[in-house]
2 protein chains.
Amino acid sequence: MLRMWMAELSRRSGVPVATIKYYVREGLLHPGEATGATRSRYDDTHLARLRLVRALVEVGGLRLAAVADVLTAVDTPDLPLHDVLAVAQGALSPEASDEPDPAALRRVDELVEQQGWAVDPAGHNRRDLARALAALDAAGDPLPGAALEGYAQLLGGLAEREVATIATDDPATAVRQIVVRTVLVDPVLRALRRMAHEHVSARTLPRGARTADPS
Amino acid sequence: MLRMWMAELSRRSGVPVATIKYYVREGLLHPGEATGATRSRYDDTHLARLRLVRALVEVGGLRLAAVADVLTAVDTPDLPLHDVLAVAQGALSPEASDEPDPAALRRVDELVEQQGWAVDPAGHNRRDLARALAALDAAGDPLPGAALEGYAQLLGGLAEREVATIATDDPATAVRQIVVRTVLVDPVLRALRRMAHEHVSARTLPRGARTADPS
């Protein structure tokens, strides 16, 4: 196993020395092995933990209290991996404070039932979806049922492939992957959707002047 | 055609009277038909335009200068619908100021070529995608090529269906739909992706304690 001093741990992890010391004081990082009155040696486990904390803080935008909650889940051996990931996912998107429209919420529950999805009724994913649907209603352009089902089937198929690539043998790595991919793949999908719109509209929409008379 | 006074136009559009007057002064809304020294009558065209302006401002988050640019495109009969929509789409996502990583940009261009997509090389969609890919690299979890292609094919198929539902006979309605759906369907997809992750991980990941010994 690799052994290193604090300076090297900082260089390899990209986390400043003062921040590493702060994480140790706050209990987010286990102390190094003391080799004298003032020096400690660190190893791969410290590096891995720092990478996870960095992903939670910098990519996930989590506050340290939320980071501590996720780390507690990672460090609880009795907790199944699915529940660890649920804790990480829940920490990523703090819920909006407004109550979602009851009709939109019923629509979401019908969709969940129709898709046969196992979704936590107390989690905020279903309320987030209800808020998004209600926003479309309020903008005067409600999403038709067939379109919503089409999106759900598409994202369901996508999730199968995405979850299959999670490292299930190591909870810390799995959580880091979940955080990074949940947060950072959203902008990839958004940019691809806009590019695809651009391409399809170039191909399928009328290209001529809207009032031109070809004669 | 429906004819109404200012008070009714305000009530029907949900836009305050003072704001409507401001839009008229700024040239974002055409004046009503004067019926005396101080009163004017408004009609369906005013209502439709106010709905469009409201969608651009409230849903798209556009500043009035950007709203004016989009309206100019809508009001230019020589401009093909595809170009009107490109103006609206471009106004929706102001570009980040940092230069995207050149290697990530090359990767995007290769993807565009491989998918056969018509994407404006000067538009910022491809640079937005390059930034999103570079963020995954920086987080130590680069997106594999096969995953990127899979996402692109998925979103390409989605865009075919989405663009097919745009009202091509009326540019103002088409722009309103593009703005509302571009902005407000993103959160629908995000929530569905998280719900699908939750469902798939419940079904496929090991459910037991991670260290439990069943003996």
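Just so we're on the same page: letters track the sequence lines, and every chain starts at 1.
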Peer 1: By a 4.5 Å heavy-atom criterion (distance strictly below it), what part of B/R127 contacts chain A: side chain, backbone, both, or neither?
Peer 2: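 Neither part; nothing is under 4.5 Å.
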Peer 1: Which answer fits A/A55, side chain, backbone, both or neither, if we ask what part of it has an atom under 4.5 Å from a heavy atom of chain B?
Peer 2: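 It is neither, since no heavy atom gets under 4.5 Å.
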Peer 1: Answer with side chain, backbone, both or neither: which region of B/V119 has an atom nearer than 4.5 Å to a non-hydrogen atom of chain A?
Peer 2: both
Peer 1: Using the side chain to side chain contact (heavy atoms under 4.5 Å, CB included) rule, pick out the option among A/L155, A/L192, A/L154 that qualifies with B/L158.
Peer 2: A/L154
Peer 1: Under a 4.5 Å cutoff for heavy-atom pairs, which residue among B/L136, B/L111, B/L92, B/D128 has the most contacts with chain A?
Peer 2: B/L136
Peer 1: What I'd like to find out is whether the side chain of B/L189 reaches to under 4.5 Å of the side chain of A/R193, using heavy atoms alone.
Peer 2: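 Yes, their side chains come closer than 4.5 Å.
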Peer 1: Non-hydrogen atoms of chain B under 4.5 Å away: do they reach the side chain of A/E162, the backbone, both or neither?
Peer 2: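 For A/E162, the contact with chain B is made by the side chain alone.
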Peer 1: Charged N to carboxylate O below 4.0 Å: is that the case for A/E198 and B/R126?
Peer 2: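 Not counted as a salt bridge, because no side-chain N and carboxylate O are separated by less than 4.0 Å.
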Peer 1: Within a 6.0 Å radius of atom CZ on A/R203, are there more than 12 heavy atoms belonging to other residues, nucleotides or ligands?
Peer 2: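 Counting neighbours around CZ of A/R203, more than 12 heavy atoms of other residues, nucleotides or ligands fall under 6.0 Å, so yes.
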Peer 1: Compare every heavy atom of A/G116 with every heavy atom of B/H199, then report the nearest pair and how far apart it is.
Peer 2: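 Taking B/H199 first and A/G116 second, the nearest heavy atoms are CE1-O, 3.4 Å.
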Peer 1: Could you tell me which portion of B/S201 (side chain, backbone, both or neither) has an atom closer than 4.5 angstrom to a non-hydrogen atom of chain A?
Peer 2: both
Peer 1: For chain A, find which of B/V163, B/V183, B/I166 contributes the most heavy-atom pairs closer than 4.5 angstrom.
Peer 2: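 Maximum pair count with chain A is reached by B/V163.
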Peer 1: Please name the pair of heavy atoms, one in A/A196 and one in B/G156, separated by the smallest distance, quoted to 0.1 Å.
Peer 2: CB-CA, 3.9 Å
Peer 1: To the closest 0.5 Å, what do you measure between CG (A/N125) and NE2 (B/H197)?
Peer 2: 10.5 Å
Peer 1: B/A86 versus chain A, heavy atoms under 4.5 Å apart: side chain, backbone, both or neither?
Peer 2: neither
Peer 1: Taking every non-hydrogen pair under 4.5 Å, which of B/L133, B/T204, B/D120 racks up the most with chain A?
Peer 2: B/D120
Peer 1: Which heavy atom of A/A159 sits nearest to which heavy atom of B/V200, and what is that distance?
Peer 2: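 Of all heavy-atom pairs spanning A/A159 and B/V200, the closest is CB-CG2, 3.8 Å.
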Peer 1: Side chain, backbone, both or neither: which part of B/A202 has a heavy atom under 4.5 Å from chain A?
Peer 2: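 For B/A202, backbone and side chain are both near chain A.
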Peer 1: In terms of side-chain geometry, is the basic nitrogen of A/R176 or B/D141 positioned less than 4.0 Å from the acidic oxygen of its partner?
Peer 2: no
Peer 1: Which bit of A/T182 is near chain B, if near means a heavy-atom gap under 4.5 Å: side chain, backbone, both or neither?
Peer 2: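 Both backbone and side chain of A/T182 come within 4.5 Å of chain B.
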Peer 1: Is it the backbone or the side chain of B/V179 that comes under 4.5 Å from a heavy atom of chain A, or both, or neither?
Peer 2: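 Contact with chain A is absent: no heavy atom of B/V179 under 4.5 Å.
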Peer 1: Does any heavy atom of chain B fall under 4.5 Å from the side chain of A/L143, the backbone, both, or neither of them?
Peer 2: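 Answer is side chain: those atoms of A/L143 sit under 4.5 Å from chain B.
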